[in-house]
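A quick note: this is a predicted structure, and the numbers were derived from the prediction, not measured.
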Amino acid sequence: MADSTLTLENLTLHYSGSQILNGISMSADAGKVTCVMGTNGVGKTSLLKAISGTHPRSGGDYELAGERIGTASAHALAQKGVAYVPQGREIFPFLTVRDNLETGFACLPRSDRVIPDEVFDLFPILKDFLNRRGGDLSGGQQQQLAIARALITRPKLLLLDEPTEGIQPNIIKQIGEVIRLLRDRGDMAIILVEQFFDFAYGLGDTFVVLDRGRVKMQGTKQEIECHDLRAAVSV
């Protein structure tokens, strides 16, 4: 089996002197969806911020595609193939859809600064709305734009934080189909943080349940019974 795209060993993270993550060890493989689950406030978003470089980790080993990662900035990690779609989407409301997509060019060499046709194959609505301002899109359309912008960078590792939050059911279904397509392509590891249990369980290959900044449960779909997983992520 190929080496994991991402391997974390004993990752820790602090905010203002408080320890938020305590000894997180996990991996994420290309062609698989790894779901990070747990109740609110257990450290799921903090974990994605540590992996993406948005918040510097305090300690632990981080390996990406066989390369040991020291203290790397979010920009440097994006150049190495980490794409982060944050909770709340964080698109630019006053920029057009085209301009929002092109912000993904920042970490690419000049020769790669084109919007791939695949983006419009996955999200056809964006092609129709290229000249519309991001802030004029619905929440679901903004979520599609945020994922599309991440894909512009041709990631090895895609981090998705609560992609179904506040989204209408038909677009939740579309986003699920896109995640499946990206997984089945086999060249990208996907880490999904998601509160909507059925959505996460339907897509997940491997599950990591956090509780108070630690791993409470971890395993593949074959190793963990659905009812045990549901109980572990319930309040």
Side-chain angles (χ1 to χ4, degrees), residues 1-15 19-72 74 77-78 80-87 150 155-163 179 182-183 186-197 199-226 228-234:
M1 190 179 81
D3 290 338
S4 295
T5 301
L6 173 77
T7 305
L8 303 177
E9 291 287 345
N10 295 316
L11 183 141
T12 59
L13 181 143
H14 290 78
Y15 278 133
Q19 186 155 343
I20 307 300
L21 299 177
N22 191 341
I24 303 291
S25 296
M26 60 174 285
S27 62
D29 298 336
K32 299 287 177 67
V33 174
T34 301
C35 290
V36 176
M37 305 175 77
T39 55
N40 285 330
V42 297
K44 304 185 299 294
T45 292
S46 296
L47 177 59
L48 293 194
K49 287 182 174 180
I51 295 170
S52 67
T54 309
H55 190 288
R57 67 189 192 278
S58 310
D61 294 326
Y62 180 148
E63 194 169 285
L64 180 69
E67 178 186 356
R68 290 286 294 276
I69 303 295
T71 51
L77 283 166
K80 291 177 184 295
V82 179
Y84 177 36
V85 182
Q87 190 175 17
K156 298 171 188 168
L157 175 64
L158 178 63
L159 310 174
L160 300 169
D161 195 356
E162 303 280 5
I179 293 170
L182 294 173
R183 174 191 64 191
D187 60 355
M188 179 190 306
I190 299 170
I191 296 181
L192 171 67
V193 165
E194 182 54 62
Q195 294 275 34
F196 180 9
F197 183 88
F199 181 84
Y201 190 75
L203 287 168
D205 299 293
T206 301
F207 301 93
V208 178
V209 179
L210 299 187
D211 183 34
R212 298 180 186 178
R214 298 177 185 271
V215 175
K216 175 181 178 181
M217 177 185 284
Q218 185 168 188
T220 65
K221 188 175 275 183
Q222 290 72 37
E223 293 166 341
I224 300 176
E225 295 287 344
C226 180
D228 290 338
L229 183 64
R230 193 184 292 272
V233 302
S234 299

Heavy atoms only: give me the nearest [X]-[Y] pair and the separation to one decimal.
X      : Y      : value
Gly70  : Arg57  : O-NH1, 3.1 Å
Met37  : Leu229 : SD-CD2, 4.2 Å
Glu194 : Pro163 : OE1-CD, 3.3 Å
Ser52  : Val82  : CA-CG1, 4.0 Å
Leu158 : Ala150 : CD1-CB, 3.9 Å
Ala30  : Gly186 : CB-O, 3.6 Å

Plane angle bin for Tyr201 and Phe207 - parallel if under 30°, tilted between 30 and 60°, otherwise perpendicular: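 Parallel.
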Applying side-chain hydrogen bond (donor to acceptor under 3.5 Å, both in side chains), name anything that partners Lys156, two or more places apart in sequence or on another chain.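 In terms of side-chain hydrogen bond (donor to acceptor under 3.5 Å, both in side chains), with neighbours along the sequence ignored, Lys156 is linked to no residue.
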Rounded distance (nearest 0.5 Å) linking atom [atom1] of [X] with atom [atom2] of [Y]:
X      : Y      : atom1 : atom2 : answer
Ile24  : Gln218 : CD1   : CD    : 9.0 Å
Asp61  : Asn10  : CG    : CG    : 7.5 Å
Leu210 : Ile20  : CG    : CD1   : 12.0 Å
Leu157 : Ile51  : CG    : CD1   : 6.5 Å
Met26  : Leu8   : CE    : CG    : 6.0 Å
Leu192 : Leu48  : CG    : CG    : 9.0 Å

A quick test of your reading: do over 12 heavy atoms of other residues, nucleotides or ligands sit less than 6.0 Å from [atom1] of [X]?
X     : atom1 : value
Lys80 : NZ    : no
Gln19 : CD    : yes
Lys44 : NZ    : yes

